[in-house]
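This report concerns only the one structure given below.
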Amino acid sequence: MKLNLVLSIFLILILASCSGEGSTSSGILSGGIGLGSLIAVLASWERNKSVLWAILHFLFGWIYVIYYVITR
C-alpha cells in the first residue's frame with residue numbers, strides 16, 4: 001500500500017515537472033489541478049477509500065497533505 005502511494009506521488013511529480021514547450025502552465029498540471037490537490041486525493045483515498053472524502057480533501061489541497069503527514 002505504501003509503495004503504491006509513493007510511486008503515485010513520484011509519477012505525479014514527474015508529470016508536473018515535464019511541461020511541454022510553449023505551455024502556459026508554470027509548474028501546475030495543465031488541467032488546472034494543482035499538485036497539492038492530486039497528492040491530497042491520493043493520500044485521502046489511501047487512508048479512507050471514500051470518494052466524498054477524496055473530493056473534500058481535493059478542495060483543501062496542501063492543507064490536507066500537511067495534515068496527513070503530521071498525523072501518520
Side-chain angles (χ1 to χ4, degrees):
M1 288 288 200
K2 285 185 179 182
L3 181 62
N4 288 340
L5 180 63
V6 171
L7 290 175
S8 299
I9 291 172
F10 181 69
L11 180 63
I12 290 171
L13 290 172
I14 289 173
L15 290 173
S17 67
C18 296
S19 61
E21 296 211 18
S23 175
T24 58
S25 65
S26 60
I28 297 177
L29 297 178
S30 61
I33 299 172
L35 182 60
S37 297
L38 288 176
I39 294 173
V41 168
L42 287 172
S44 176
W45 183 259
E46 183 71 26
R47 180 178 278 183
N48 303 312
K49 304 285 193 248
S50 169
V51 173
L52 292 176
W53 279 115
I55 292 171
L56 179 67
H57 296 144
F58 169 78
L59 296 174
F60 287 108
W62 282 111
I63 295 170
Y64 180 71
V65 171
I66 294 168
Y67 169 79
Y68 181 82
V69 168
I70 291 172
T71 59
R72 287 205 82 185

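Everything numeric here is computed off the predicted structure, so don't read it as measured data.
The distance from atom CZ of Arg72 to atom CD of Glu46, rounded to the nearest 0.5 Å, is 7.0 Å. Here the straight-line distance linking atom CZ of Phe60 with atom OG of Ser37 works out to 11.0 Å at 0.5 Å rounding. Note that the CD1 atom of Ile55 and the OG atom of Ser44 stand 9.5 Å from one another [nearest 0.5 Å]. Atom-to-atom distance recorded for Thr71:OG1 and Tyr64:OH is 6.5 Å, nearest 0.5 angstrom. In this structure, CZ in Arg47 is found 11.0 Å from CH2 in Trp53, a value given to the nearest 0.5 Å.
When the side chains of ILVMFWY residues are joined at heavy-atom separations under 4.5 Å, either directly or via intervening members, Trp45 and Phe58 end up in two distinct hydrophobic clusters. Both Leu56 and Ile63 are members of a single hydrophobic cluster when ILVMFWY side chains are connected at heavy-atom separations under 4.5 Å. Leu35 and Val69 fall into different hydrophobic clusters, defined by Ile, Leu, Val, Met, Phe, Trp and Tyr side-chain heavy atoms under 4.5 Å apart, directly or through other members.
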Inset, instruction - Could you please spell out the steps behind the side chain to side chain contact (heavy atoms under 4.5 Å, CB included) verdict for Val65 and His57? - result: CA-CA 9 Å; Val65 171; His57 296 144; over 6 Å; no
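Apart from Leu52 itself, the hydrophobic cluster it occupies contains nothing, where clustering links Ile, Leu, Val, Met, Phe, Trp and Tyr at side-chain heavy-atom distances under 4.5 Å.
The minimum heavy-atom distance linking Gly61 with Ala40 is given by the pair O-CB, 3.5 Å.
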